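Each remark here refers to the structure printed beneath this line.
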Amino acid sequence: VQLVESGGGLVQSGGSLRLSCSLSGIPFDDFTIGWFRQVPGKEREGVSWISWGDGSSDYADSVKGRFTISKDNAKKMVYLQMNNLKPEDTAGYYCAYTTYWYDSIDFFFSQAQYYVWGQGTQVTVSS
């Protein structure tokens with residue numbers, strides 16, 4: 001399994017970016033993709049996740065209403081549309097893959113549950 005992120009960049013506060021996560025080598029259609037972000041010196045934070053099978057998803061409170069996660073089954077892509085960006089959204093953004101599952105609303109926001117990670121893409125929001 002390999003994940004490759006793209007779409008990061010520099011944007012002004014209030015602007016938008018769309019991150020992409022390209023998936024390859026996926027053996028089954030029963031997995032979850034999570035988006036995380038990390039600022040140097042801080043712990044990696046779960047931003048959003050989407051279940052490939054049923055399309056269920058969720059968002060961290062800090063991005064709810066501004067970010068939208070989606071997937072394209074045919075292209076094997078997961079997207080993170082980020083609108084109304086704020087300087088505090090500045091971070092390295094990573095997509096991650098897991099086949100683990102647990103019936104808990106916090107499960108997929110935990111980086112410990114993912115075992116394949118992309119290389120990351122930098123998002124910088126200027127004020």
Side-chain angles (χ1 to χ4, degrees):
V1 175
Q2 278 193 318
L3 310 177
V4 179
E5 303 95 334
S6 61
L10 173 64
V11 65
Q12 286 190 330
S13 183
S16 298
L17 282 173
R18 188 178 80 157
L19 304 184
S20 299
C21 177
S22 174
L23 318 179
S24 61
I26 306 289
F28 305 109
D29 284 345
D30 188 12
F31 61 92
T32 298
I33 297 296
W35 280 101
F36 290 77
R37 64 187 182 187
Q38 188 171 27
V39 174
K42 292 193 174 181
E43 206 167 298
R44 199 165 284 188
E45 172 195 15
V47 173
S48 181
W49 59 264
I50 188 165
S51 170
W52 193 263
D54 64 10
S56 57
S57 62
D58 201 2
Y59 302 89
D61 288 342
S62 57
V63 307
K64 206 167 281 186
R66 300 188 298 123
F67 290 12
T68 303
I69 194 169
S70 63
K71 61 184 178 73
D72 185 323
N73 286 29
K75 295 181 179 179
K76 284 282 197 264
M77 297 286 291
V78 174
Y79 304 101
L80 187 68
Q81 178 67 44
M82 306 186 296
N83 297 330
N84 191 21
L85 283 162
K86 305 175 181 180
E88 51 263 42
D89 294 318
T90 295
Y93 282 73
Y94 302 83
C95 60
Y97 165 94
T98 186
T99 56
Y100 299 152
W101 181 88
Y102 187 74
D103 189 12
S104 163
I105 58 173
D106 296 327
F107 182 83
F108 292 116
F109 288 110
S110 168
Q111 61 169 324
Q113 310 308 332
Y114 296 81
Y115 52 91
V116 181
W117 292 81
Q119 84 288 351
T121 186
Q122 179 66 31
V123 171
T124 302
V125 184
S126 63
S127 55

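These numbers come from a predicted model, not from an experiment.
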What do the steps show when you test Met82 against Arg66 for side-chain contact (heavy atoms from CB on, under 4.5 Å), and what is the final call? CA-CA 6 Å; Met82 306 186 296; Arg66 300 188 298 123; over 6 Å; no

Heavy atoms from other residues, nucleotides or ligands near CG of Asn84 exceed 12 (cutoff 6.0 Å):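 Counting other residues, nucleotides and ligands, CG of Asn84 exceeds 12 neighbours.
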
Hey, is NZ on Lys64 packed in by over 12 heavy atoms from elsewhere, all under 6.0 Å? yes

With a 4.5 Å heavy-atom cut-off, do [X] and [Y] have their side chains touching?
{"X": "Gln122", "Y": "Leu10", "answer": "no"}
{"X": "Thr99", "Y": "Asp30", "answer": "no"}
{"X": "Phe109", "Y": "Asp58", "answer": "yes"}
{"X": "Leu80", "Y": "Ser48", "answer": "yes"}

From [X] [atom1] over to [Y] [atom2], what is the distance, rounded to the nearest 0.5 angstrom?
{"X": "Gln38", "Y": "Glu43", "atom1": "CD", "atom2": "CD", "value": "8.5 Å"}
{"X": "Gln113", "Y": "Tyr100", "atom1": "CD", "atom2": "OH", "value": "8.5 Å"}
{"X": "Ser24", "Y": "Lys76", "atom1": "OG", "atom2": "NZ", "value": "10.5 Å"}
{"X": "Leu19", "Y": "Thr121", "atom1": "CG", "atom2": "OG1", "value": "6.0 Å"}
{"X": "Ile69", "Y": "Gln81", "atom1": "CD1", "atom2": "CD", "value": "12.0 Å"}
{"X": "Cys95", "Y": "Ile50", "atom1": "SG", "atom2": "CD1", "value": "12.5 Å"}

Path from [X] to [Y] over hydrophobic side-chain contacts below 4.5 Å:
{"X": "Val1", "Y": "Val78", "answer": "yes"}
{"X": "Tyr115", "Y": "Leu23", "answer": "yes"}
{"X": "Phe107", "Y": "Val47", "answer": "yes"}

Considering all heavy atoms of both residues, which atom of [X] and which atom of [Y] are nearest to each other, and what is their separation?
{"X": "Trp101", "Y": "Asp103", "result": "CH2-CB, 3.6 Å"}
{"X": "Lys71", "Y": "Gly55", "result": "CE-CA, 3.8 Å"}
{"X": "Gly8", "Y": "Val123", "result": "CA-CG2, 4.1 Å"}
{"X": "Ser20", "Y": "Trp35", "result": "O-CH2, 3.7 Å"}

Checking Asp106 against Ser104 for the side chain to side chain donor-acceptor pair (under 3.5 Å) test, could you report, in this order, the C-alpha distance in whole Å, the side-chain angles of both residues, the deciding distance, and whether it holds? CA-CA 5 Å; Asp106 296 327; Ser104 163; 4.9 Å; no

Could you tell me whether Lys86 and Asp89 make a salt bridge, using a distance below 4.0 angstrom between a side-chain N and a carboxylate O? no

With sequence neighbours excluded, tell me which residues meet side chain to side chain contact (heavy atoms under 4.5 Å, CB included) with Thr32.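 Per chain and number, Thr32 pairs via side chain to side chain contact (heavy atoms under 4.5 Å, CB included) with Trp49, Ser51, Thr98, Phe108, Tyr114.
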
Pair Phe36 + Tyr93: ring centers closer than 6.0 Å: no

Which is it for Ser62 and Glu88 under the side-chain contact (heavy atoms from CB on, under 4.5 Å) test, yes or no, and what are the steps along the way? CA-CA 10 Å; Ser62 57; Glu88 51 263 42; over 6 Å; no

Looking at [Y], is its backbone amide N or carbonyl O close enough to the side chain of [X] to form a donor-acceptor pair, meaning the two atoms are under 3.5 Å apart?
{"X": "Gln12", "Y": "Ser126", "answer": "no"}
{"X": "Glu5", "Y": "Gln119", "answer": "yes"}
{"X": "Thr90", "Y": "Pro87", "answer": "yes"}

Step-by-step side-chain contact (heavy atoms from CB on, under 4.5 Å) determination, Leu3 to Tyr94: CA-CA 9 Å; Leu3 310 177; Tyr94 302 83; over 6 Å; no

Checking Arg37 against Val63 for the side-chain contact (heavy atoms from CB on, under 4.5 Å) test, could you report, in this order, the C-alpha distance in whole Å, the side-chain angles of both residues, the deciding distance, and whether it holds? CA-CA 12 Å; Arg37 64 187 182 187; Val63 307; 3.9 Å; yes

Kindly state each residue pair satisfying ring-ring contact (aromatic ring centres under 6.0 Å, His included) with at least one member in residues 51-84, sequence neighbours excluded.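 Counting only pairs at least two positions apart or across chains, the ring-ring contact (aromatic ring centres under 6.0 Å, His included) contacts touching residues 51-84 are Phe31-Trp52.
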
